[in-house]
J.: 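Take a look at this one; I'll ask things after.
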Protein chains: 2
Amino acid sequence: MAIDRLDGRLIVLLAREPRIGVLEASRRLGVARGTVQARLDRLQSNGVIRGFGPAVDPAALGYPVTAFATLEIKQGQGADVRAHLAGVPEVLELHTTTGHGDMLCRLVARSNADLQRVIDRVVGFDGIVRASTAIVMENPVPLRIIPLVEQAAEDND
Amino acid sequence: MAIDRLDGRLIVLLAREPRIGVLEASRRLGVARGTVQARLDRLQSNGVIRGFGPAVDPAALGYPVTAFATLEIKQGQGADVRAHLAGVPEVLELHTTTGHGDMLCRLVARSNADLQRVIDRVVGFDGIVRASTAIVMENPVPLRIIPLVEQAAEDND
DNA sequence: AATCTGCTGGTCAATCTGTACAGCGGATCG
DNA sequence: CGATCCGCTGTACAGATTGACCAGCAGATT
């Protein structure tokens with residue numbers, strides 16, 4: 001669970017250059033190949049590394065518009081709303097939260113006009129009382145993990 | 001840019017089982033290995049697939065609390081605020097948006113108490129006028145891309 | 001009809017993977 | 001203090017995969 005500096009360096013290295021294999025990683029880190037293999041196995045069974053899936057860019061797929069929608073849900077309808085939203089491909093992510101809204105979801109669309117269609121589909125469901133949408137203009141910090149990994153590696157060192 | 005069914009199947013296959021190589025993928029898809037290689041190359045230079053970095057779980061790293069903060073920014077301070085937030089490891093993602101707030105960021109923390117520290121650090125900056133935070137309780141739909149890829153593959157087929 | 005493009009099925013050498021082993025140093029424990 | 005455990009090193013091996021080619025072929029384009 002707690003990662004040490006070597007784990008941190010390994011993760012950062014893999015994040016920066018995913019194509020290098022275990023052997024090359026061991027060379028870069030200055031440790032034996034078996035060590036890297038053991039660390040990787042451990043990190044994966046720990047769940048620290050969930051996998052190495054391809055990072056797909058929705059924009060390149062033809063969905064350049066991103067938005068966040070805050071949804072207010074009718075009491076007791078949570079499960080139904082979740083199931084409904086899970087069925088919409090443009091819903092990339094859904095959270096239930098504290099605070100003003102009850103749920104927060106990330107949407108993508110083919111254009112601003114298309115976003116209207118997506119929102120209609122998202123909110124056109126009985127359990128949803130109200131929705132407010134914020135369209136993303138810029139993304140100054142894309143989803144990242146390296147700084148956190150470095151932080152965690154130093155804390156647990 | 002537009003992906004066809006084979007691209008879609010390839011991406012989905014890789015997303016589901018990242019460890020399989022080009023050879024195994026070609027077997028599963030029933031095409032020649034060279035074809036898979038060519039498709040992969042194309043998808044990567046298109047930017048559809050940005051890479052194969054490790055998917056790190058912040059919770060397993062010791063950061064089980066996630067929150068979204070909506071920030072209101074003083075006019076003209078955007079760039080400074082961005083730089084400030086980019087320097088906070090617990091800020092995993094930052095967007096500028098339309099709507100009530102001006103920015104939306106995703107935070108993680110070691111605990112609810114620790115979240116206070118993170119928020120203080122985030123909002124303790126001159127350009128930030130107001131912040132409202134929503135703590136994530138559940139994550140019914142974790143960040144996903146497969147349904148969108150399938151959608152895109154069928155549209156452009 | 002000539003061209004292009006993308007896919008096929010095959011080859012090659014080079015590399016990497018998974019697995020195993022013995023040795024070694026540091027830390028833990030009775 | 002000595003025994004033991006654990007993680008890392010360095011090495012070995014067979015088997016699989018990779019990247020790079022190639023000629024042939026079918027469908028679409030010009």
Side-chain angles (χ1 to χ4, degrees), chain A residues 1-57 60-62 146 149-157, chain B residues 1-57 60-62 146 149-157:
Chain A
M1 193 134 201
I3 66 170
D4 65 13
R5 280 213 162 79
L6 181 56
D7 290 321
R9 288 203 296 145
L10 175 57
I11 294 175
V12 171
L13 180 60
L14 289 175
R16 282 200 233 271
E17 301 174 63
R19 317 226 70 183
I20 69 173
V22 172
L23 184 56
E24 178 62 16
S26 71
R27 285 196 277 255
R28 304 278 190 94
L29 297 174
V31 299
R33 179 170 69 110
T35 303
V36 171
Q37 248 153 352
R39 294 301 186 110
L40 258 187
D41 287 347
R42 190 168 59 76
L43 287 171
Q44 294 202 58
S45 31
N46 279 166
V48 173
I49 296 180
R50 268 185 287 190
F52 290 86
V56 177
D57 182 3
L61 268 184
I146 291 181
V149 169
E150 287 171 339
Q151 178 77 246
E154 283 178 30
D155 289 354
N156 307 328
D157 87 271
Chain B
M1 193 135 206
I3 66 170
D4 65 14
R5 279 212 161 79
L6 181 56
D7 290 321
R9 288 203 297 144
L10 176 58
I11 294 174
V12 171
L13 180 60
L14 288 175
R16 282 198 233 272
E17 303 173 62
R19 315 227 72 182
I20 70 174
V22 172
L23 183 56
E24 177 62 17
S26 71
R27 285 196 276 256
R28 303 279 188 93
L29 296 174
V31 299
R33 180 171 69 109
T35 304
V36 171
Q37 248 153 354
R39 294 301 187 110
L40 259 187
D41 288 347
R42 190 169 57 78
L43 288 171
Q44 295 202 58
S45 32
N46 280 165
V48 173
I49 295 180
R50 267 184 291 189
F52 290 86
V56 176
D57 182 4
L61 269 185
I146 292 182
V149 169
E150 288 171 339
Q151 178 77 245
E154 283 178 30
D155 289 354
N156 307 330
D157 89 272

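Every chain is numbered from 1 and lettered A, B, ... according to where its sequence line falls, protein lines coming before strand lines.
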J.: Without decimals, in angstroms, what is the distance between A:R33 CZ and C:dG18 P?
T.: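 Nearest whole value for this atom pair: 8 Å.
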J.: Report the distance from atom CG of B:L6 to atom P of C:dT5, rounded to the nearest whole Å.
T.: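 Atom CG in B:L6 sits about 19 Å away from atom P in C:dT5.
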J.: Output, in order, the C-alpha distance, side-chain angles, deciding distance and verdict of side chain to side chain contact (heavy atoms under 4.5 Å, CB included) for B:R39 and B:T35.
T.: CA-CA 6 Å; B:R39 294 301 187 110; B:T35 304; 4.3 Å; yes
J.: Can you check the B:D4 CG to C:dG6 P distance for me, whole Å?
T.: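 Nearest whole value for this atom pair: 11 Å.
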J.: Ignoring hydrogens, what is the shortest heavy-atom contact between B:A153 and B:D4? Give both atom names and the distance.
T.: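 What the structure gives for the nearest pair is CB-O, 3.7 Å.
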J.: Would you indicate, yes or no, if D:dC8 has its OP1 or OP2 atom less than 4.0 angstrom from a side-chain nitrogen or oxygen of A:R39?
T.: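 Checking D:dC8 against A:R39, a side-chain N or O does come within under 4.0 Å of OP1 or OP2.
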J.: Taking CG from A:L40 and C1' from C:dC16, how many angstroms apart are they, rounded to a whole number?
T.: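 From A:L40 CG to C:dC16 C1': 14 Å.
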J.: Give, ordered by number, those residues of residues 13-28 of chain A having at least one heavy-atom distance below 4.0 Å to an atom of DNA chain D; if nothing qualifies, reply none.
T.: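 Those residues: none at all.
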J.: Counting only side-chain N and O atoms of A:Q37, is one of them less than 4.0 Å from OP1 or OP2 of C:dT17?
T.: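 For C:dT17, neither OP1 nor OP2 has a side-chain N or O of A:Q37 closer than 4.0 Å.
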J.: Begin with the C-alpha distance, continue with both residues' side-chain angles, and end with the deciding distance and a verdict on side chain to side chain contact (heavy atoms under 4.5 Å, CB included) for B:Q151 and A:L61.
T.: CA-CA 10 Å; B:Q151 178 77 245; A:L61 268 184; over 6 Å; no
J.: As a quick check of understanding, evaluate side chain to side chain contact (heavy atoms under 4.5 Å, CB included) for A:E17 and A:R28, giving each step before the final call.
T.: CA-CA 11 Å; A:E17 301 174 63; A:R28 304 278 190 94; 2.9 Å; yes
J.: Quick check: closest heavy atoms across A:Q37 and A:V22, and the distance to 0.1 Å?
T.: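 Heavy-atom minimum between the residues: CG-CG1, 3.8 Å.
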J.: CG of B:D41 versus P of C:dG6: gap in Å, rounded?
T.: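 Going from CG in B:D41 over to P in C:dG6 covers 13 Å.
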J.: Of B:L6, B:I146, B:I49, which is the lone residue that meets side-chain contact (heavy atoms from CB on, under 4.5 Å) with B:I11?
T.: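 Exactly one candidate clears the test, B:I49.
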J.: Roughly how many Å is it from CG in A:L10 to P in D:dC8, rounded to a whole number?
T.: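 Atom CG in A:L10 sits about 11 Å away from atom P in D:dC8.
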J.: To the nearest angstrom, how far is B:L29 atom CG from C:dG9 atom P?
T.: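 Spelled out: CG on B:L29 to P on C:dG9 is 14 Å.
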